[in-house]
Amino acid sequence: MLQFGGRSVALAAAALSVSALLLVVLALPAGASARGVGPAARHRRDATPGPASCDVFSGSWVLGDGPAAYTGYSCPLIDAEFNCQLYGRPDSDYLRYRWKPAGCELPRFDGADFLTRMKGKTVMFVGDSLGRNQWESLVCLLHAAAPQSPAQLVSSDPLYNYKFLEYEVTVSFYRAPYLVDIDAVQGKRVLMLDDISGNAEAWRGADVLSFNSGHWWTHTGAMQGWDYMGESGRLYEDMDRTVAFQRGLTTWANWVDLNVDPARTRVFFQSMSPTHYSSKEWPNPVSRNCYGETAPVVGLNSTGQQASSGQDLVIQAVLRGMRSPVRLLDITALSALRKDAHPSVYSGDLTPAQRANPGGSVDCSHWCLPGLPDTWNQLFCTLLFYK
């Protein structure tokens, strides 16, 4: 028996019905769960040449000629786990692929224009290490545009602020893998499905908020970040993880609806970032996972991404039910094609022995920097400035 909410409570049953969640998901329009095959086709619709009316998430990857905007050596802020160049990745075509929407030209990323437009403002990413991946990418792109401009990193976990002092622009990352709070109760970590007030205090005042969550909700064993789940004064040893994700995300949505002024703050939510741990998901693999892959997928077996698809359905359903305007940064299908863009063994988080064993410890979840998250930010800025 644990003390929770000021009184003793018994642990609730581990298994909960998913029927309530299915009612939410079934409200989605037909085709909402379709996965892109080859070109990211699930967003296909008529489009005009301008990005304002074009579906920028529907298209294909094309091999370009120009170099990346920065390198793993020139950017002051790349974690070792993302810095593939520094840790010996020998190929470079993964840096040259550019996203081409089917119905328009994607505006190029202009770091100087971004800093000018956002002068005096704060852009904050909130979420897990995939959100950090995108935060570091944006900092690197902006630093490449103004390499001599004075800057300052101020960090105190869970909040990291990178300040471009000349422009008075702050690009922040707040680490909150579940978005909702984790409280300590009698020495145990309780994931509070109905409380977000502790984390959310740091988000107030931001001019742009971009959220992500999902992967940590599926972790078990040593990777699980909590001991119990808590809701409405009850503790749960476990529950269906998709149900838990839906309840936690609904708490986030309620906070946004009640606390964010749409006239002052733009809000985005990133869809699920796919993984490539099983080469059965694509044709002509070169290894058992993403190791050794040097080009995007030509055709995709969507059954390999069903876990992400279920979470994306939850994200879409929750966003549809909100009063506040929240833009979906729908990177799932286009990223699912990029089996070549992960660190695999070229990660500073691995030991030399692990890097020598691509059949064992590889990173097919995160993304190299420079790399795919630079395209996420190109799309992010298109939604921010053009749509």
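Here the structure is a predicted model, which means the values were calculated and not measured.
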(request) Can you establish whether the number of heavy atoms outside Asp157 located under 6.0 Å from its atom CG is more than 12? (result) yes
(request) Decide yes or no on side-chain contact (heavy atoms from CB on, under 4.5 Å) for Tyr162 and Gln152, but give the supporting numbers first. (result) CA-CA 6 Å; Tyr162 196 92; Gln152 179 185 42; over 6 Å; no
(message) When you compare the side chains of Ser347 and Asp363, does any donor N or O come within less than 3.5 Å of an acceptor on the partner?
(response) no
(message) Check whether Trp367 forms a cation-pi arrangement with Arg338 (NZ or CZ under 6.0 Å from the six-membered ring centre, at most 45° off the ring normal).
(response) no
(message) For the NE2 atom of His215 and the CE atom of Met272, what is their distance to the nearest 0.5 Å?
(response) 3.5 Å
(message) Taking the cut-offs as 6.0 angstrom to the six-membered ring centre and 45 degrees off its axis, would you call Arg327 and Phe269 a cation-pi pair?
(response) no
(request) Determine yes or no for a side-chain-to-main-chain donor-acceptor pair under 3.5 angstrom, with Asp113 supplying the side chain and Leu115 the backbone. (result) no
(message) Count I, L, V, M, F, W, Y as connected when their side-chain heavy atoms are under 4.5 Å apart, and connections chain through other members. Are Leu141 and Trp99 then in the same cluster?
(response) yes
(message) Tell me whether Gln85 contacts the main-chain N or O of Gly72 through its side chain, where contact means a donor paired with an acceptor under 3.5 Å.
(response) yes
(request) Could you check if a side-chain atom of Asp194 sits within less than 4.5 angstrom of a side-chain atom of Ser232, using non-hydrogen atoms only? (result) yes
(request) For residues Tyr277 and Val362, report the shortest heavy-atom separation together with the two atoms involved. (result) CE2-O, 3.5 Å
(message) Between Asp257 (side chain only) and Arg323 (backbone N and O only), is there a donor and an acceptor less than 3.5 Å apart?
(response) yes
(request) Write down the atom of Tyr386, the atom of Arg117, and the distance for their closest heavy-atom approach. (result) OH-NH2, 4.4 Å
(request) Assess the side chains of Asp374 and Tyr70: does a donor N or O sit below 3.5 Å from an acceptor N or O? (result) yes
(request) Could you tell me whether Glu105 and Lys100 make a salt bridge, using a distance below 4.0 angstrom between a side-chain N and a carboxylate O? (result) yes
(message) Contact between Cys381 and Phe114 at the side-chain level, heavy atoms closer than 4.5 Å - yes or no?
(response) yes
(request) Determine, using ring centers only, whether Phe125 and Trp135 are less than 6.0 Å apart. (result) no
(message) Whether the side chain of Ser58 engages the backbone of Ala102 through a donor-acceptor N/O pair (distance < 3.5 Å, no angle test) should be reported.
(response) no
(message) Could you tell me if Asp181 and Tyr178 have a donor-acceptor pair between their side chains, going purely by distance under 3.5 Å?
(response) no
(message) Please find the pair of heavy atoms, one from Gly214 and one from Asp128, that lie closest to each other, and give the distance.
(response) N-OD2, 4.3 Å
(message) Assess, by modelled atom type and distance only, whether the side chains of Trp376 and Ser335 contain a donor and an acceptor separated by less than 3.5 Å.
(response) yes
(request) Consider only side-chain N and O atoms of Ser365 and His342, and report whether a donor and an acceptor are under 3.5 Å apart. (result) no
(request) Return the minimal non-hydrogen interatomic distance between Gly248 and Trp217, and the atom names on each side. (result) CA-CH2, 4.0 Å
(request) Give a yes or no on whether Arg288 atom CZ has more than 12 heavy-atom contacts from other residues, nucleotides or ligands under 6.0 Å away. (result) no
(message) Assigning hydrophobic clusters by single linkage (Ile, Leu, Val, Met, Phe, Trp, Tyr; side-chain heavy-atom cutoff under 4.5 Å), is Tyr291 placed with Tyr87?
(response) no
(request) For the residue pair Thr332 and Asp312, confirm or rule out a side-chain donor-acceptor distance under 3.5 Å. (result) yes
(request) Consider only side-chain N and O atoms of Thr251 and Trp255, and report whether a donor and an acceptor are under 3.5 Å apart. (result) no
(request) Give a yes or no on whether Leu142 and Leu153 share a hydrophobic cluster (residues Ile, Leu, Val, Met, Phe, Trp, Tyr; joining criterion: side-chain heavy atoms under 4.5 Å apart). (result) yes
(message) Check whether Tyr94 forms a cation-pi arrangement with Arg89 (NZ or CZ under 6.0 Å from the six-membered ring centre, at most 45° off the ring normal).
(response) yes
(message) If I compare all heavy atoms of Met124 with all of Ala206, which pair ends up nearest, and what's the gap?
(response) CB-CB, 4.2 Å
(message) Counting C-beta onward and ignoring hydrogens, is there a side-chain heavy-atom pair between Met239 and Leu193 closer than 4.5 Å?
(response) yes
(message) Once you measure the plane-to-plane angle for Trp203 and Phe211, does it fall in the parallel (<30°), tilted (30-60°) or perpendicular (>60°) bin?
(response) perpendicular
(request) Rounded to the nearest 0.5 Å, what's the gap from CG on Leu191 to CG on Leu235? Could you check? (result) 11.0 Å
(message) For Pro158, give me all partners under side chain to side chain contact (heavy atoms under 4.5 Å, CB included), at least two apart in sequence or on another chain.
(response) Tyr174, Arg175
(message) Let me confirm one number: the NZ-OH distance from Lys188 to Tyr228, rounded to the nearest 0.5 Å.
(response) 5.5 Å
(message) For a 4.5 angstrom cut-off between non-hydrogen side-chain atoms, does Val139 reach Glu136?
(response) no
(message) Are the side chains of Asn199 and Val180 in contact, using a 4.5 Å heavy-atom criterion?
(response) no
(message) For a 4.5 angstrom cut-off between non-hydrogen side-chain atoms, does Asn161 reach Leu159?
(response) yes
(request) Take Glu231 and Arg234 through the test salt bridge (Lys or Arg N to Asp or Glu O under 4.0 Å) and record every step on the way to the result. (result) CA-CA 5 Å; Glu231 185 181 38; Arg234 303 180 68 191; over 6 Å; no
(message) If I take atom CZ from residue Phe268 and atom CZ from residue Arg266, how far apart are they, to the nearest 0.5 angstrom?
(response) 4.5 Å
(request) For the residue pair Asp207 and Thr265, confirm or rule out a side-chain donor-acceptor distance under 3.5 Å. (result) no
(request) Establish, from distance only, whether the side-chain atoms of Gln246 and Thr242 form a donor-acceptor pair under 3.5 Å. (result) no
(message) What's the separation between atom CZ in Arg204 and atom CG in Asp261, rounded to the nearest 0.5 Å?
(response) 12.5 Å
(message) Tell me whether Arg132 forms a cation-pi arrangement with Tyr160, defined as NZ or CZ under 6.0 Å from the six-membered ring centre and within 45 degrees of its axis.
(response) yes
(message) Please evaluate residues Val345 and Gln354 with respect to the criterion side-chain contact (heavy atoms from CB on, under 4.5 Å), reporting the C-alpha separation (whole Å), side-chain torsions for both, the decisive distance (0.1 Å), and the verdict.
(response) CA-CA 7 Å; Val345 300; Gln354 288 174 321; over 6 Å; no
(message) Let me check something: do Tyr236 and Trp216 share a hydrophobic cluster, defined by ILVMFWY side-chain heavy atoms less than 4.5 Å apart, either directly or through other members?
(response) yes
(message) Could you check whether any side-chain heavy atom of Gln378 comes within less than 4.5 Å of a side-chain heavy atom of Leu106, counting everything from C-beta outward?
(response) yes
(message) Can a side-chain donor-acceptor contact be found between Asp340 and Thr294 if the only test is distance below 3.5 angstrom?
(response) no
(request) Hey, could you give me the CG/CG distance between Asp349 and Asn83, rounded to the nearest 0.5 Å? (result) 11.5 Å
(request) State, with a plain yes or no, whether a side-chain heavy atom of Pro90 is found less than 4.5 Å away from one of Tyr346. (result) yes
(message) Please determine whether side-chain contact (heavy atoms from CB on, under 4.5 Å) holds for the pair Leu77 and His143, giving the CA-CA distance in whole Å, both sets of side-chain angles, and the decisive distance to 0.1 Å.
(response) CA-CA 9 Å; Leu77 187 72; His143 176 266; over 6 Å; no
(request) In sequence, state the C-alpha distance, the side-chain angles, and the governing distance for Lys121 and Val208, and then conclude on side-chain contact (heavy atoms from CB on, under 4.5 Å). (result) CA-CA 8 Å; Lys121 298 185 183 298; Val208 180; over 6 Å; no
(request) State plainly whether one hydrophobic cluster holds both Leu209 and Leu249, where clusters connect Ile, Leu, Val, Met, Phe, Trp and Tyr through side-chain heavy atoms under 4.5 angstrom apart. (result) yes
(request) Kindly give the heavy-atom pair with the smallest separation between Phe173 and Gly131, and that separation in Å. (result) CE1-C, 3.7 Å
